[in-house]
4 protein chains.
Amino acid sequence: MAHEQHQELLKTLRECMEACNHCFDACLKEENVKMMAECIRLDRECADMCGFLEAAISRNSPFVRQLAQVCADICEACGEECRKHDHEHCQKCAEACMKCAEACRNAA
Amino acid sequence: MAHEQHQELLKTLRECMEACNHCFDACLKEENVKMMAECIRLDRECADMCGFLEAAISRNSPFVRQLAQVCADICEACGEECRKHDHEHCQKCAEACMKCAEACRNAA
Amino acid sequence: MAHEQHQELLKTLRECMEACNHCFDACLKEENVKMMAECIRLDRECADMCGFLEAAISRNSPFVRQLAQVCADICEACGEECRKHDHEHCQKCAEACMKCAEACRNAA
Amino acid sequence: MAHEQHQELLKTLRECMEACNHCFDACLKEENVKMMAECIRLDRECADMCGFLEAAISRNSPFVRQLAQVCADICEACGEECRKHDHEHCQKCAEACMKCAEACRNAA
């Protein structure tokens, strides 16, 4: 089963999706939201892409490799933005993104 | 953190999403696809709704309760269709759907 | 064809989705992002829900009425937030949301 | 506004999404569903990807070009499968897919 071969990737994608969406929510509640604008934007991009790829893998999509390549780029961009910020949610998100970028590169 | 309070529900949603998408893929490979048509349709509905609610919870959406109510109905409909079929993927999917329907009712 | 009976609703949903996503992007570029935080959050909620319902209608989902009810609530909440702000993108978005809320109520 | 520069592409994506989802629904109602299995699978892939790209464009995503490239491949694969079948919904879908594949290539 495709989705069982990919269990580790599915888990990494889901953790990244959750970290990005939590970071999105937390950034919107920060004192200095303006400083977080790019983080908010990329959190949404990354969460949505990880969720999309997770679904694609679990339905055995023939396009997993191509989607994983784009997902890797998005995770990397989001991780790079997040790690500029000291908030714990950003640092955790950066870590999840970088781990996910690598897992996606391996699947691509 | 909203998404941590909901860890159990997130897990149940994700397992249901994966079971439905796997069942969708497996039904399309069955000998008698015609008999599985309604299962295929509802697997997609249910997987998409579970994925949507999972994302909504993790971004701390103000609409989780209303979405969970609709998700419960969709899970139930999918579970009822799946359990009519003897295939292992359908039986497993029915179980995941019924568990998820109950978890969504509790969150609604 | 279900998606042809619903042509008017599909158009309204799509216009609302696009207005919300444009407002999301424009809010992130405003001087005072903090003031727009709730608008940014609800723009995402509303755009995602409108897109989800648009897809559900076009695949003839059996759950259109229930989804339309939730979508109406989300459009209304987003419209009410948007109309508090003088930016042209917010005012346009408020209008699209209110129109969509009404169309969804009629479909629910 | 990004989503206004892309009005033509947005329209093409949406027409392809709707054609694929309608074809998905109609294939599930055909006498010979087994023959349509690959069409059903690719209709879902293509509809979901077109919807994802439509949303990405309207929120001014920095990843539109990369997503458009994958979308072009998916549209092409779906269009090639659809045009094998004589059903009117398949022929219309094939046409929408091929038009969308080309529009996506131009945007990529």
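Per chain, numbering begins at 1; letters A, B, ... match sequence-line order.
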Task: Separation of C/R59 CZ from D/L28 CG (nearest 0.5 Å) - done: 11.5 Å
Task: C/H6 side, atom NE2; D/E18 side, atom CD - distance, nearest 0.5 Å - done: 12.0 Å
- [ ] Please state whether the side chain, the backbone, both or neither of D/A47 comes within less than 4.5 Å of a heavy atom of chain C.
- [x] neither
- [ ] Decide if atom CD of C/E95 counts as having more than 12 heavy atoms of other residues, nucleotides or ligands within a radius under 6.0 Å.
- [x] no
Task: Reported CD-to-CZ distance for the pair D/E54 and C/R14, which is rounded to 0.5 angstrom - done: 7.5 Å
Task: Heavy atoms of other groups near C/E38 CD, more than 12 under 6.0 Å - done: yes
- [ ] Counting only heavy atoms closer than 4.5 Å, note whether D/K11 contacts chain C via side chain, backbone, both or neither.
- [x] neither
Task: More than 12 heavy atoms from other groups under 6.0 Å of CD on C/E15 - done: yes
TODO: Check D/N21 against C/A55 and note the closest heavy-atom contact, atom names and distance.
DONE: ND2-O, 3.6 Å
TODO: Count the heavy atoms of every other residue, nucleotide or ligand shown that sit under 6.0 Å from CD of D/E102, and state whether that count exceeds 12.
DONE: no
